[in-house]
Structures are given as structure tokens and as C-alpha cells.
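Some notes on the structure that comes next.
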Amino acid sequence: SFNNNLSNILLSPSPARDQISISWNSFSKNDTHLRILNSQGKVVIEKYILAATVKGGNIQIAIQGLTAGVYTLELLQNEIKSGKKFVVVK
């Protein structure tokens, strides 16, 4: 289950095509385990983001390989999970 206290995640554009930009002020506070899941719950992209490498709380993720559909972005920090759904179009 998601912790809504951390749901101040901005994801753009939506719908997305080749890349998403994720803004989250907690990126720079702690290392983050990032996963993108498809509508079946399968992990399709997984990255480990080091806090020291994030400038201004903003990261870009390439999503060219994803097919059109609804996906869930999951961010995990210190066992606390936050999430957001987004749409990919082709």
C-alpha cells in the first residue's frame, strides 16, 4: 500500500511517449528504488537512484521500450512506498 504523505510526486508529461520527468523533493534526501510496473503488475523498468546524483529533485526516465497502456510508478525509500499511475501512448 502507498503512503499518501509522500504522494507529492509530479510526473510529466501524461500521457507520455518516449520519456517521463519525475519531480519529487524526497529524491535528494534518500536513495530511491524506482520501479515501473505494467497493468499486470510486472516490473518493466527498475533503477536505483542515488540521492547525491539528483539535482533539484528531478529525474528523467527513458520509456521508449514501453508499449501503450497504463503503468504504475513506484518509489521506495526506507521501506516506505509511494506511487503514481501514468499513461503511455505510441
Side-chain angles (χ1 to χ4, degrees):
S1 66
F2 293 135
N3 177 334
N4 290 328
N5 299 338
L6 294 179
S7 61
N8 57 338
I9 301 160
L10 297 177
L11 190 153
S12 63
S14 186
R17 195 175 297 271
D18 300 315
Q19 179 172 286
I20 52 173
S21 176
I22 306 161
S23 294
W24 192 39
N25 52 9
S26 299
F27 275 138
S28 55
K29 296 183 182 131
N30 292 289
D31 296 345
T32 304
H33 185 184
L34 178 151
R35 301 194 312 170
I36 294 175
L37 295 83
N38 65 15
S39 55
Q40 284 81 48
K42 178 173 180 281
V43 176
V44 290
I45 292 177
E46 188 162 21
K47 292 187 181 299
Y48 198 70
I49 297 152
L50 300 175
T53 65
V54 180
K55 299 283 175 276
N58 199 319
I59 63 166
Q60 272 76 41
I61 304 287
I63 57 164
Q64 294 98 320
L66 300 185
T67 54
V70 178
Y71 292 83
T72 302
L73 168 72
E74 269 188 10
L75 302 174
L76 186 67
Q77 280 187 348
N78 302 332
E79 306 303 310
I80 299 170
K81 191 188 291 182
S82 302
K84 202 169 196 74
K85 288 198 182 309
F86 68 99
V87 174
V88 171
V89 293
K90 290 298 170 184

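- Remark: Leu76 CG to Tyr48 OH distance equals 9.0 Å, nearest 0.5 Å.
- How far CG of Leu75 is from CG of Leu11: 9.0 Å, rounded to the nearest 0.5 Å.
- The CD1 atom of Ile49 sits 4.5 Å away from the CG atom of Leu34 when rounded to the nearest 0.5 Å.
- Judged as a side chain to side chain donor-acceptor pair (under 3.5 Å), and not counting sequence neighbours, the contacts of Arg35 are Glu74.
- Residue pairs meeting the salt bridge (charged side-chain N to carboxylate O under 4.0 Å, His left out) criterion with at least one partner in residues 44-68, sequence neighbours excluded, do not occur; the list is empty.
- Considering all non-hydrogen atoms of both residues, Gly57 and Phe27 come closest at O-CD1, 3.6 Å.
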*Go through the steps to decide whether Val43 and Ile36 satisfy the test side-chain contact (heavy atoms from CB on, under 4.5 Å), and finish with yes or no.*
CA-CA 6 Å; Val43 176; Ile36 294 175; over 6 Å; no

*Stepwise side-chain contact (heavy atoms from CB on, under 4.5 Å) test for Leu66 and Ile45*: CA-CA 9 Å; Leu66 300 185; Ile45 292 177; 4.2 Å; yes

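- Among residues at least two apart or in separate chains, there is no salt bridge (charged side-chain N to carboxylate O under 4.0 Å, His left out) pair with a member in residues 9-33.
- Lys90 places no side-chain N or O within donor-acceptor distance of the main-chain N or O of Gly69, the cut-off being under 3.5 Å.
- Ile61 and Leu37 are assigned to two separate hydrophobic clusters, defined by single-linkage of ILVMFWY side chains at heavy-atom distances under 4.5 Å.
- For residues 36-45, no residue pair satisfies the side-chain hydrogen bond (donor to acceptor under 3.5 Å, both in side chains) rule, not counting sequence neighbours.
- Taking OH from Tyr71 and CD1 from Ile20, the interatomic distance works out to 11.0 Å, rounded to the nearest 0.5 Å.
- Every residue two or more places apart in sequence or in another chain that forms a side chain to side chain donor-acceptor pair (under 3.5 Å) with Lys85 is listed here: Thr72.
- One finds the CZ atom of Phe86 at 11.5 Å from the CD1 atom of Ile9 (value rounded to the nearest 0.5 Å).
- Ser21 meets the side chain to side chain donor-acceptor pair (under 3.5 Å) test with Asn58, Gln60; sequence neighbours excluded.
- Atom-to-atom distance recorded for Leu10:CG and Asn8:CG is 7.5 Å, nearest 0.5 angstrom.
- Considering every non-hydrogen atom in both Ala51 and Ser28, the closest pair reads CB-O, 3.7 Å.
- In this structure, the side chains of Thr32 and Ser26 stay at 4.5 Å or more apart for every pair of heavy atoms.
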